[in-house]
Amino acid sequence: MPTSAPGNKHGGFTLLELMVVVAIIAITSAVVTFAIPDPSTSRLEREAARLVALLESARSQARAGGMTVLWIPRGVESGADYQFLGLPPALTPPLQWMEREVRAEVVGSGSIVLGPEPVIGAQSVILRLGDRQLVVSTDGLSPFAPVVGDGDQPAAGAPETANAR
């Protein structure tokens with residue numbers, strides 16, 4: 001037995017249905033917001049990966065050629081952000097950061113020694129971009145790599161103020 005008059009169709013949504021849809025949209029947008037990485041972090045990670053590749057390339061060239069090679073932040077050449085001393089000009093990589101705001105600091109020294117010895121000693125570089133920083137280091141035997149850590153503990157080989165974030 002129908003309870004409504006013939007031809008009278010139920011239209012629209014109930015308040016409960018609308019609230020469920022709004023809640024689903026809110027949860028989805030919150031998840032998407034947290035999933036989007038911080039652009040300064042990804043830029044700094046790209047620079048760290050590039051620096052690791054450059055350091056390892058120069059390290060292998062130094063060992064193969066029996067050359068003493070140093071990496072120095074803030075090169076003395078005009079327009080250089082860093083420089084490789086000891087590499088022949090034909091083997092010298094680009095000397096500028098992709099992100100112009102990146103700054104580098106060698107922990108405990110003014111330069112990184114890349115060769116000619118296969119074991120070079122533990123060394124670290126702190127890369128900074130704005131309020132973000134990342135440590136790239138080696139124990140001397142393994143390749144250079146970004147140090148992964150949280151903001152509460154100092155990164156390996158870095159001073160107390162150089163936390164990886």
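Model, not experiment: these values are computed from the prediction.
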Do any N or O atoms from the side chain of [X] and from the backbone of [Y] form a donor-acceptor pair under 3.5 angstrom?
| X | Y | answer |
| --- | --- | --- |
| E47 | M98 | yes |
| S109 | V106 | no |
| E56 | A53 | no |
| Q123 | V113 | yes |

For residues 104-133, which residue pairs qualify under ring-ring contact (aromatic ring centres under 6.0 Å, His included), counting only residues two or more places apart or in two chains?
->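 Non-adjacent pairs meeting ring-ring contact (aromatic ring centres under 6.0 Å, His included): zero.
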Does any part of the side chain of [Y], heavy atoms only, come nearer than 4.5 Å to the side chain of [X], both counted from C-beta?
| X | Y | value |
| --- | --- | --- |
| M67 | P88 | yes |
| L51 | L127 | yes |
| R59 | V69 | no |
| V102 | R128 | no |
| L70 | F84 | no |
| R50 | P94 | yes |
| V107 | V125 | no |

If I take atom [atom1] from residue [X] and atom [atom2] from residue [Y], how far apart are they, to the nearest 0.5 angstrom?
| X | Y | atom1 | atom2 | answer |
| --- | --- | --- | --- | --- |
| L85 | I72 | CG | CD1 | 4.0 Å |
| Q83 | Q96 | CD | CD | 12.5 Å |
| Y82 | L95 | OH | CG | 6.5 Å |
| R103 | Q133 | CZ | CD | 14.5 Å |
| D81 | R100 | CG | CZ | 4.0 Å |
| L129 | E101 | CG | CD | 6.0 Å |

What is the minimum heavy-atom distance between L114 and A58, and which atoms define it?
->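 So the minimum-distance heavy-atom pair works out to CD1-CB, 3.7 Å.
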For the residue pair S124 and I112, what are the closest heavy atoms and their distance?
->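 Nearest heavy atoms, S124 then I112: O-CD1, 4.0 Å.
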Flag if over 12 foreign heavy atoms under 6.0 Å of CE, M19 =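 Count not over threshold, so no.
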Validation: residues 139-146 side-chain donor-acceptor distances under 3.5 Å, sequence neighbours left out:
unit_1: D139; atom_1: OD1; unit_2: L141; atom_2: N; d: 3.0
unit_1: D139; atom_1: OD1; unit_2: S142; atom_2: N; d: 2.8
unit_1: D139; atom_1: OD1; unit_2: S142; atom_2: OG; d: 2.8

Indicate, with yes or no, if L91 and I120 share a hydrophobic cluster defined by side-chain heavy-atom contacts under 4.5 Å among Ile, Leu, Val, Met, Phe, Trp and Tyr.
->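 No, I120 does not connect to L91 through the hydrophobic network.
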Is E99 salt-bridged to R46, cutoff N-O under 4.0 Å?
->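 A salt bridge is present here (some side-chain N lies under 4.0 Å from a carboxylate O).
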